[in-house]
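Notes follow the structure.
One is the number of the first residue; the rest follow in order along the sequence.
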Amino acid sequence: MKLLIVSDSHGWSNELADLKARHEADTNAFIHCGDSEMPASSPFLDGYTIVRGNCDADSSLANEQIKRIGHLTLYVTHGHLYSVKSSLMNLAYRAGEIEADIVCFGHSHLLGAELLEGTLFLNPGSIRMPRGRQEKTYMILQLIENRATVFIHQLDGTELVELRQNFTLPKSI
C-alpha cells in the first residue's frame, strides 16, 4: 500500500495534477492536508482526500478526514486547529481520541516524520513555500505489514534518499 501525501500547495494546480499523473500507477491513495486554495470541486483535486486549511475559502471542505486502511486508522487534518506550529500535543490528543495510527497534517510547511507513542505523525512540508529547507517536498508512505517507510520527494519527483525513514507500527495493515 502506498499513499502520496502533499500539503500547502497554495493555489498551485498543475503541480497537483503532475504529482497524480507521475504516481497514479503505483499509488493507492492521494492525500492533500489543506491549503490547496481551490474549491473541492476543482478537477485538480480529483482523486485526493482533502481537508480544509486556514487559507481555504471553500466551507464545504471538512476540517478532518478519518480513513481506514486495513486495520489502521488514518487521520488527515491541516493542523491549524491544533496549533501544530507550537507543539504536536493538541494534535496527539485528538489522534488518541480517535485511535489514529497515522496522522497526516500540514500548516507549518515544515517537513517531518515522527513516531510518538505508537502513532506516526507525518508532515510533507510544502510544495510551494517550504520552511526549514529549500526543497519543495511531498511524501510517499509505503505500508507493508507493520512497517512504514517514508520517502521524501522534491516537487520534480527526485527522491531525497538521505531523508528516507523506516518505522515499525504497533499494528499491521
Side-chain angles (χ1 to χ4, degrees), residues 2-23 27 29-40 42 44-45 48-59 61-65 74-96 100-117 119-142 148-167:
K2 284 188 181 178
L3 299 87
L4 182 143
I5 307 162
V6 64
S7 190
D8 296 285
S9 53
H10 291 283
W12 279 9
S13 52
N14 291 330
E15 291 78 2
L16 291 177
D18 290 347
L19 291 180
K20 190 157 183 248
R22 181 182 305 137
H23 293 284
T27 302
F30 294 84
I31 297 165
H32 195 298
C33 299
D35 278 358
S36 69
E37 295 188 40
M38 290 185 271
S42 170
F44 295 105
L45 293 173
Y48 281 89
T49 295
I50 54 177
V51 294
R52 185 176 188 185
N54 59 298
C55 293
D56 290 317
D58 186 344
S59 62
L61 290 168
N63 287 321
E64 61 184 14
Q65 296 271 358
L74 175 74
Y75 178 59
V76 182
T77 191
H78 184 57
H80 64 296
L81 299 176
Y82 300 101
S83 303
V84 297
K85 287 184 180 179
S86 301
S87 165
L88 291 183
M89 185 172 58
N90 293 330
L91 185 57
Y93 286 144
R94 177 63 180 144
D101 300 292
I102 300 168
V103 176
C104 301
F105 69 101
H107 186 55
S108 68
H109 297 217
L110 293 169
L111 174 67
E114 187 173 356
L115 189 65
L116 296 172
E117 296 184 19
T119 301
L120 183 58
F121 290 82
L122 300 172
N123 185 331
S126 172
I127 61 168
R128 182 154 188 195
M129 297 178 284
R131 294 185 185 130
R133 327 186 44 87
Q134 293 180 351
E135 300 93 351
K136 298 170 179 174
T137 57
Y138 65 96
M139 290 179 167
I140 301 287
L141 173 63
Q142 181 177 353
T149 304
V150 178
F151 301 89
I152 308 301
H153 291 265
Q154 295 185 77
L155 184 56
D156 68 3
T158 305
E159 183 192 352
L160 297 169
V161 178
E162 68 278 10
L163 298 180
R164 187 182 302 168
Q165 288 182 274
N166 295 294
F167 299 93

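The backbone N or O of R128 lies less than 3.5 Å from a partner atom in the side chain of S126, making a donor-acceptor pair.
Contact annotation: the side chain of I5 approaches that of C33 to within less than 4.5 Å [non-hydrogen atoms, C-beta and beyond]. By the 4.5 Å heavy-atom criterion applied to side chains, S36 and I50 are not counted as neighbours. When side chains are defined from C-beta on, L81 counts as touching N63, because their heavy atoms get closer than 4.5 Å. F167 is not listed as a side-chain neighbour of T149, based on a closest heavy-atom distance of 4.5 Å or more. By the 4.5 Å heavy-atom criterion applied to side chains, L122 and L141 are counted as neighbours. Counting only heavy atoms from C-beta outward, the side chains of H32 and V76 never approach each other to under 4.5 Å. Under the 4.5 Å side-chain criterion, counting only non-hydrogen atoms from C-beta, E114 is in contact with L88. Residues L16 and V6 have side chains in contact (heavy-atom distance under 4.5 Å, counting atoms from C-beta outward).
For the side-chain contact (heavy atoms from CB on, under 4.5 Å) criterion with I152, the lone passing option out of T158, I140, L163 is L163. Across F151, Y138, Y48, F30, a single residue satisfies ring-ring contact (aromatic ring centres under 6.0 Å, His included) together with H23, and that is Y138.
Once rounded to the nearest 0.5 Å, the distance linking OG of S13 with CG of D18 reads 9.5 Å. In this structure, Q65 CD and T77 OG1 are separated by 10.0 Å, a value rounded to the nearest 0.5 Å. Going from atom CG of D56 over to atom NE2 of H80 covers 8.5 Å, rounded to the nearest 0.5 Å. Between atom CG of residue D101 and atom CG of residue L115 there is a gap of 10.5 Å, rounded to the nearest 0.5 Å. Annotation: the span from L3 atom CG to T27 atom OG1 amounts to 8.0 Å, rounded to 0.5 Å. Interatomic distance, R22 CZ to E15 CD, rounded to the nearest 0.5 Å: 10.0 Å.
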message: Set out, in order, the CA-CA distance, both residues' side-chain angles and the distance that settles side chain to side chain contact (heavy atoms under 4.5 Å, CB included) for Q154 and Q134, then state yes or no.
response: CA-CA 10 Å; Q154 295 185 77; Q134 293 180 351; over 6 Å; no
task: Let me see the working for S9 and E37 under side chain to side chain contact (heavy atoms under 4.5 Å, CB included), right down to the final yes or no.
output: CA-CA 8 Å; S9 53; E37 295 188 40; over 6 Å; no
message: Please determine whether side chain to side chain contact (heavy atoms under 4.5 Å, CB included) holds for the pair T137 and H153, giving the CA-CA distance in whole Å, both sets of side-chain angles, and the decisive distance to 0.1 Å.
response: CA-CA 6 Å; T137 57; H153 291 265; over 6 Å; no
- prompt: Checking side chain to side chain contact (heavy atoms under 4.5 Å, CB included) for the pair H109/H10: CA distance, chi angles, key distance, verdict?
  reply: CA-CA 11 Å; H109 297 217; H10 291 283; 3.3 Å; yes
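For L61 against M38, the heavy-atom pair with the smallest separation is CD1-O, 4.2 Å.
Remark: the H107 side chain and the D35 side chain contain no N/O donor-acceptor pair separated by less than 3.5 Å. In the model, N54 has a side-chain atom that pairs as donor or acceptor with a side-chain atom of H78 under 3.5 Å. A donor-acceptor pair shorter than 3.5 Å can be found between the side chains of N123 and S108.
The pair R94-E64 meets the salt-bridge criterion, with a side-chain N (NZ, NE, NH1 or NH2) lying under 4.0 Å from an Asp/Glu carboxylate O.
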